[in-house]
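Okay, structure first, notes after.
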Amino acid sequence: MNISVLDWAIIIAFFVISMLIGILTSKTAGKSAKEFFLSGRNMPWWLLGISMVATTFSADTPNLVTDIVRKDGVSGNWVWWAFLLTGMLTVFVYAKLWRRSEVTTDLEFYEIRYGGKPAAFLRAFRALYLGVFFNVVIMATVLLAAIKIFGTMMGLTPLTTLLLVSVVTVIYSSLGGLKGVLLTDFFQFFIAMAGSFGAAIYIVGLPEIGSLGSLLAHPNVSDKLDLIPDFTDWNLLIPLFIMPIAIQWWATWYPGAEPGGGGYIAQRMLSAKDEKNAIGATLLFNVAHYALRPWPWIIIALSSLIIFPQVSDLQEAFPHIPADKLGNDLAYSAMLTFLPAGLIGVVMASLIAAVMSTISTHLNWGSSYVVNDFYLRFMKKDASDKELVMVGRLSTVGLMILAAFLALALSNALEAFNILLQIGAGTGLIFILRWFWWRINSYTEISAMIISFVVAVYFESIHDKLGFLPIPADMSYLKLLLGVSITTITWILVTLLTKPEKDEVLLAFYQKVRPAAYGWKKLLDRYPDQQAEPGQLPMEIGLMLVGSIMVYAALFSAGFWIYGNTVGGVIAGVIALIGAVTVIKGWKKMK
């Protein structure tokens with residue numbers, strides 16, 4: 001495709017502004033490690049919320065959604081829509097608890113909730129396991145999307161793409177710290193939204209498609225439009241809807257959708273001005289992430305079924321794309337090649353923004369683990385702030401290099417998504433309960449972490465080769481179900497068979513964080529002088545359910561309007577509006 005001078009001007013201007021933000025915030029970020037990783041704990045809810053949205057608006061997300069829609073239709077998106085329940089639980093139950101903890105990273109939590117060498121081991125191991133291993137895998141999937149997008153649209157080689165994205169992102173991430181990332185995310189979010197909506201509107205009007213009505217009526221598309229899978233087809237209903245909505249959201253761990261909050265979501269909550277701002281930030285994130293953003297991607301994915309109905313059509317149209325990078329997820333960037341001059345510059349800038357906002361967040365988050373939870377805690381406890389910032393900047397560069405190398409070896413974003421879900425299967429309930437059940441200890445988490453990884457490796461690499469009780473391809477969800485069951489049973493047994501944490505550790509945690517006392521009564525009964533925190537847990541869970549209904553109603557309302565179902569759009573919109581009023585009132589009442 002031909003990129004005009006105007007397009008290049010837009011793209012270059014985007015790069016320049018992103019780098020300037022990093023340079024301008026570098027002086028403040030270099031003052032201390034807490035300033036570099038938490039922006040002085042003084043950030044407003046709206047900036048943090050938009051940053052969360054921008055981070056999860058990674059370049060691999062439209063590719064992932066396109067892959068899902070082309071294979072399983074619109075209803076296939078429940079595999080990630082179900083995580084809204086996790087998100088709303090974080091909003092109304094856990095956001096304020098995280099802010100009260102006053103830790104620098106969510107891994108520091110381990111040594112205020114648990115005690116002794118097991119807690120120290122857990123913190124050190126997960127600093128490297130999550131901060132390096134998991135983090136590099138996630139960044140590699142984002143970079144893989146960038147390789148496919150820029151290879152398709154601009155004809156760039158994988159190496160050229162990686163150099164272009166990596167150098168600029170590393171510069172502003174390492175210079176500006178979290179504040180640089182937040183401000184760049186704010187700028188990049190609006191570019192990304194303009195690009196996705198503009199692209200969807202233009203593509204629907206292409207001569208090959210004609211109009212929105214023609215798109216929805218096309219035989220390649222008409223059977224892909226259901227918002228919920230056909231309840232009479234259990235082969236689709238179980239993996240696409242029942243498993244995500246009944247099990248996956250609470251039982252699995254996935255970055256950005258951790259049960260109980262965690263990772264870079266926790267980092268944003270910890271950097272908020274106060275508890276109310278932490279709650280507001282996560283609420284804004286969940287509304288925008290699930291209700292505002294999906295439909296432009298879905299429309300482009302559906303349009304691709306008309307122009308590129310098969311993967312072979314993509315291969316024929318883009319013969320220069322390496323064979324191992326061909327797949328249904330390539331269809332998103334293939335559709336963007338039809339955009340005109342000017343708009344292509346905005347869309348290219350938006351896609352670059354999507355890549356860079358996600359990578360920059362993961363670099364800062366992963367670096368915070370390396371610095372705060374490994375280097376400072378276990379290698380040099382007396383390190384100065386200047387030294388910690390330097391180590392943070394060096395680890396930022398190192399993580400970027402590792403992710404770039406791994407990206408060259410990957411081929412499919414959906415495949416990586418499923419592997420990460422399997423590795424985290426069965427651990428999610430621990431992250432929900434550890435704030436409210438005093439009996440959970442460090443061995444609970446260590447056992448869950450080990451067994452979930454072993455089970456994931458077994459099902460992904462060993463089980464099918466053994467030929468023992470083979471799992472049919474259309475029932476692959478059984479791997480996740482078995483992983484959740486085996487891991488959950490194991491950690492519950494370990495919890496009950498090992499000693500609880502020492503009373504002084506548990507009481508110190510309870511007094512600091514002040515969770516609702518329901519699961520702490522057995523401990524607190526031994527100390528009559530300790531005041532039990534009544535909490536507002538029933539109201540908070542009620543708000544979580546109302547908030548989830550509100551967002552799903554908004555998502556469905558948009559879908560109904562797009563489909564031409566005016567009555568359904570109005571009804572769902574009214575439900576969303578009532579939910580919004582209820583949620584805002586509840587937010588103001590929360591203590």
Side-chain angles (χ1 to χ4, degrees), residues 14-23 25-26 29-30 33 36-37 51 54-61 63 105 127-151 156-185 188 255-256 263-264 267 351-375 388-410 413 416 420:
F14 167 80
F15 276 122
V16 170
I17 293 172
S18 297
M19 291 183 68
L20 282 175
I21 291 173
I23 293 169
T25 55
S26 61
F36 190 82
F37 294 120
S51 176
T55 295
T56 52
F57 193 165
S58 57
D60 63 323
T61 310
N63 288 18
T105 70
L128 299 180
Y129 179 63
L130 297 180
V132 179
F133 172 71
F134 249 85
N135 201 23
V136 164
V137 172
I138 296 161
M139 287 192 293
T141 63
V142 177
L143 293 173
L144 171 65
I147 288 171
K148 293 190 176 189
I149 289 169
F150 302 137
L156 298 182
T157 65
L159 186 58
T160 303
T161 297
L162 292 176
L163 286 173
L164 181 69
V165 171
S166 301
V167 170
V168 177
T169 308
V170 165
I171 287 174
Y172 78 74
S173 299
S174 60
L175 287 178
L178 181 61
K179 183 173 289 185
V181 171
L182 293 175
L183 294 175
T184 309
D185 280 350
Q188 292 173 347
Y264 57 80
Q267 185 187 36
L351 293 172
I352 295 169
V355 173
M356 289 168 55
S357 63
T358 303
I359 295 296
S360 62
T361 286
H362 278 273
L363 288 174
N364 188 269
W365 166 52
S367 180
S368 72
Y369 283 1
V370 173
V371 173
N372 187 70
D373 300 298
F374 191 78
Y375 185 82
L388 293 176
V389 171
M390 181 191 70
V391 174
R393 286 170 172 164
L394 290 175
S395 60
T396 296
V397 176
L399 290 170
M400 188 75 253
I401 293 172
L402 291 173
F405 275 112
L406 181 58
L408 295 172
L410 290 177
L420 290 176

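Values reported hereafter were calculated over all heavy atoms of this structure, with side chains retained and with hydrogens, waters and symmetry mates removed. Here the structure is a predicted model, which is why all the values come from computation and not from measurement.
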Starting at OG of Ser395, measure out to CG of Leu388 and round the result to the nearest 0.5 Å.
10.5 Å
What's the separation between atom OG in Ser367 and atom CG in Leu394, rounded to the nearest 0.5 Å?
9.0 Å
Give me the ring orientation class for Phe133 and Tyr129: parallel if the planes are under 30° apart, tilted from 30 to 60°, perpendicular past 60°.
parallel
How far apart are the C-alpha atoms of Met400 and Leu143, what are their side-chain angles, what is the distance that settles it, and do they pass the side chain to side chain contact (heavy atoms under 4.5 Å, CB included) test?
CA-CA 10 Å; Met400 188 75 253; Leu143 293 173; 3.6 Å; yes
To the nearest 0.5 Å, tell me how far Leu144 CG sits from Asn63 CG.
8.0 Å
Evaluation steps, side chain to side chain contact (heavy atoms under 4.5 Å, CB included), between Leu408 and Ile147:
CA-CA 9 Å; Leu408 295 172; Ile147 288 171; 4.3 Å; yes
Value for CZ (Phe374) from CG (Leu128), rounded to nearest 0.5 Å, stands at 4.5 Å
With distance as the sole test, does Asn135 use its side chain to make a donor-acceptor pair with the main-chain N or O of His362 at under 3.5 Å?
yes
Between Ala127 and Asp373 the two heavy atoms that sit nearest each other are CB-CB, 3.8 Å
Identify the two heavy atoms, one from Leu162 and one from Ala404, that lie closest to each other, and give their separation to 0.1 Å.
CD1-O, 3.5 Å
What distance do Leu130 atom CG and Thr105 atom OG1 have between them, rounded to the nearest 0.5 Å?
10.5 Å
